[in-house]
Amino acid sequence: MAMVVNGNELSRELKAGLKDRIDALRMAGKRTPCLAVILVGENPASLSYVKGKEKACASLGMDNRMFHLKENTTQEELEHMIRKCNEDPDIDGILVQLPLPKGLDEFSAIMCIDPSKDVDGLHPINVGRLYLNNPGFAPCTPLGVMEVLKKMHCDPAGRRAVVVGRSKLVGTPVARLLQNANATVTVCHSQTHDLKYICREADILIAAVGKPKFITEDYIKEGAYVVDVGVNRLSNGHLCGDVDFEGVQAHCTAITPVPGGVGPMTITMLLMNTMKAYEEREARHGTR
Ligand code: GUN
């Protein structure tokens, strides 16, 4: 019987630990961590993600500054706002919600974020640090995948890991985290030949393709650890992952469901990154 990792439960455990640390800071009369979220425009999905982040901060007693800029904000106005957050000594983490409205340059905006406050792990300095295995900030969903593997009691060292998908936010960084954890990593994508054969070699299979139930049992090595990062909305309105959970479950050691697997881990890892940013700033500047 496969172990099914419940991401909601794992998130609750990690958040409870964070809340204790924040409570202890408050009791000691110290400054507490603060996350700034910059949202431009009215994209409904982004509005909902940002609300989720605010709620998560509030549930831990983590400070949260929300900057909601109008749809027709200029690049200069957005970058001015980011710089103000960079300079604000009370802000530890900065997240610019993506995608930005048409006409705004995401790369240029991300380049403005102080890398020591880049809790999304998207600034090229942090991307480079991840590449060099030099501690910085890694993106939150890939960090969530690594926490899930820990929960599965799966040490990647020496194992063969296959990542299906090479996106900037998930596939590429998760492959690097796995390599930094001493796995032997293969990254597959839409042009990969013999995908099924490669997946069947995987001790650890990470599915991040964006195709509902694409990974069926014939892609699975018996006893593999399977992490499903896919979130696909079906025509009946239900959410489903990239893995055919029912078919695959019987063949693996551990697996994540969708919904309720990796999804809830993303915000939790954002909060963990914000705590890390806080601790590193305090270590540099001293507690006020
Ligand atoms: N939009 C969807 N996912 C993400 C994310 O991980 N970070 C940011 N900044 N925006 C997103």
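Residue numbers count from 1 along this sequence.
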Please say yes or no: joined through hydrophobic side-chain contacts below 4.5 Å, possibly via intermediate residues, are V174 and F214 part of one cluster? no
Spacing of CZ belonging to R21 relative to CD belonging to E279, to within rounding of 0.5 Å: 4.5 Å
T256 side chain to V227 backbone, donor-acceptor under 3.5 Å: no
Start with the C-alpha gap between M265 and T141, add the side-chain angles, then the distance that decides, and say whether side chain to side chain contact (heavy atoms under 4.5 Å, CB included) holds. CA-CA 7 Å; M265 296 297 294; T141 302; over 6 Å; no
Apply salt bridge (charged side-chain N to carboxylate O under 4.0 Å, His left out) to E42 and K70, showing your working. CA-CA 8 Å; E42 305 295 331; K70 56 192 189 308; over 6 Å; no
Salt bridge (Lys or Arg N to Asp or Glu O under 4.0 Å) pairs touching residues 197-212, sequence neighbours excluded, are R160-E201, D203-K221
Got a sec: does the NZ of K53 have more than 12 other heavy atoms crowding it under 6.0 Å? yes
Tell me if the CD atom of E222 is crowded by more than 12 foreign heavy atoms within 6.0 Å. yes
So, taking the atom named CG in L205 and the one named SG in C199, what distance separates them when rounded to the nearest 0.5 Å? 5.0 Å
Find the distance between NZ (K19) and CZ (R26) and round it off to the nearest 0.5 Å. 8.0 Å
Whether the side chain of Y131 engages the backbone of P173 through a donor-acceptor N/O pair (distance < 3.5 Å, no angle test) should be reported. no
More than 12 heavy atoms of other residues, nucleotides or ligands under 6.0 Å from NE2 of H80: yes or no? no
Short question: side chain of N273, backbone of A138 - any donor-acceptor pair under 3.5 Å? yes
For I125, I'd like to know if atom CD1 has over 12 heavy atoms of other residues, nucleotides or ligands within 6.0 Å. no
Determine yes or no for a side-chain-to-main-chain donor-acceptor pair under 3.5 angstrom, with S167 supplying the side chain and V170 the backbone. yes
Any donor-acceptor pair under 3.5 Å linking the side chain of D228 with the backbone of P257? no
Any donor and acceptor pair, going by atom type alone, linking the side chain of N64 with main-chain N or O of L35 inside 3.5 Å? yes
Is the backbone N or O of N8 less than 3.5 Å from a side-chain atom of N6, with the two atoms forming a donor-acceptor pair by type? yes
Between R129 and F137, is NZ or CZ placed under 6.0 angstrom from the six-membered ring centre and within 45° of the ring axis? no
Sort out for me which residue in I94, L98, D105 forms a side-chain contact (heavy atoms from CB on, under 4.5 Å) with I110. L98
How many angstroms lie between CG in D114 and SG in C85, if you round to the nearest 0.5 Å? 11.0 Å
Group every Ile, Leu, Val, Met, Phe, Trp and Tyr by side-chain heavy-atom contacts under 4.5 Å, then state whether V187 and V229 land in the same group. yes
Going through the distances and angles, do D120 and C140 end up as a side chain to side chain contact (heavy atoms under 4.5 Å, CB included)? CA-CA 6 Å; D120 230 3; C140 301; 4.3 Å; yes
Are K276 and E280 within salt-bridge range, i.e. N to O under 4.0 Å? yes
Rounded to the nearest 0.5 Å, what separation is found between the CG atom of D20 and the NZ atom of K15? 14.0 Å
When you look at E13 and K151, which way does the salt bridge (charged side-chain N to carboxylate O under 4.0 Å, His left out) test go after all the steps? CA-CA 11 Å; E13 286 167 25; K151 188 74 183 172; 3.2 Å; yes
Under the side chain to side chain contact (heavy atoms under 4.5 Å, CB included) criterion, do I38 and Q97 qualify, and how do the steps go? CA-CA 6 Å; I38 301 174; Q97 186 66 36; over 6 Å; no
Between N86 (side chain only) and C112 (backbone N and O only), is there a donor and an acceptor less than 3.5 Å apart? yes
Any chance you could lay out the side-chain hydrogen bond (donor to acceptor under 3.5 Å, both in side chains) test for S108 and E79, step after step, and finish with the verdict? CA-CA 8 Å; S108 171; E79 293 184 4; 2.6 Å; yes
Can you name the side chain to side chain donor-acceptor pair (under 3.5 Å) partners of E147, sequence neighbours left out? K150
Side chains of T32 and D63 only: does a donor on one sit below 3.5 Å from an acceptor on the other? yes
Roughly how far, to the nearest 0.5 Å, is CD of Q249 from CD1 of I220? 12.0 Å
Same cluster for Y225 and Y219 if Ile/Leu/Val/Met/Phe/Trp/Tyr side chains link at under 4.5 Å? no
Answer whether the closest heavy-atom distance between the side chains of V163 and T186 falls below 4.5 Å. no
Do L39 and L270 belong to the same hydrophobic cluster, where Ile, Leu, Val, Met, Phe, Trp and Tyr are linked whenever their side-chain heavy atoms lie under 4.5 Å apart, directly or via other members? yes
Exam field: side chain D242 to backbone V209, donor-acceptor pair closer than 3.5 Å: yes
Evaluate D90 against R31 for side chain to side chain contact (heavy atoms under 4.5 Å, CB included), listing each step before the verdict. CA-CA 8 Å; D90 288 332; R31 189 178 76 83; 3.8 Å; yes
Backbone of P115 reached by a side-chain donor or acceptor of N126 within 3.5 Å: yes
When you check the gap from the basic side-chain N to the acidic O, do K196 and D218 get nearer than 4.0 Å? yes
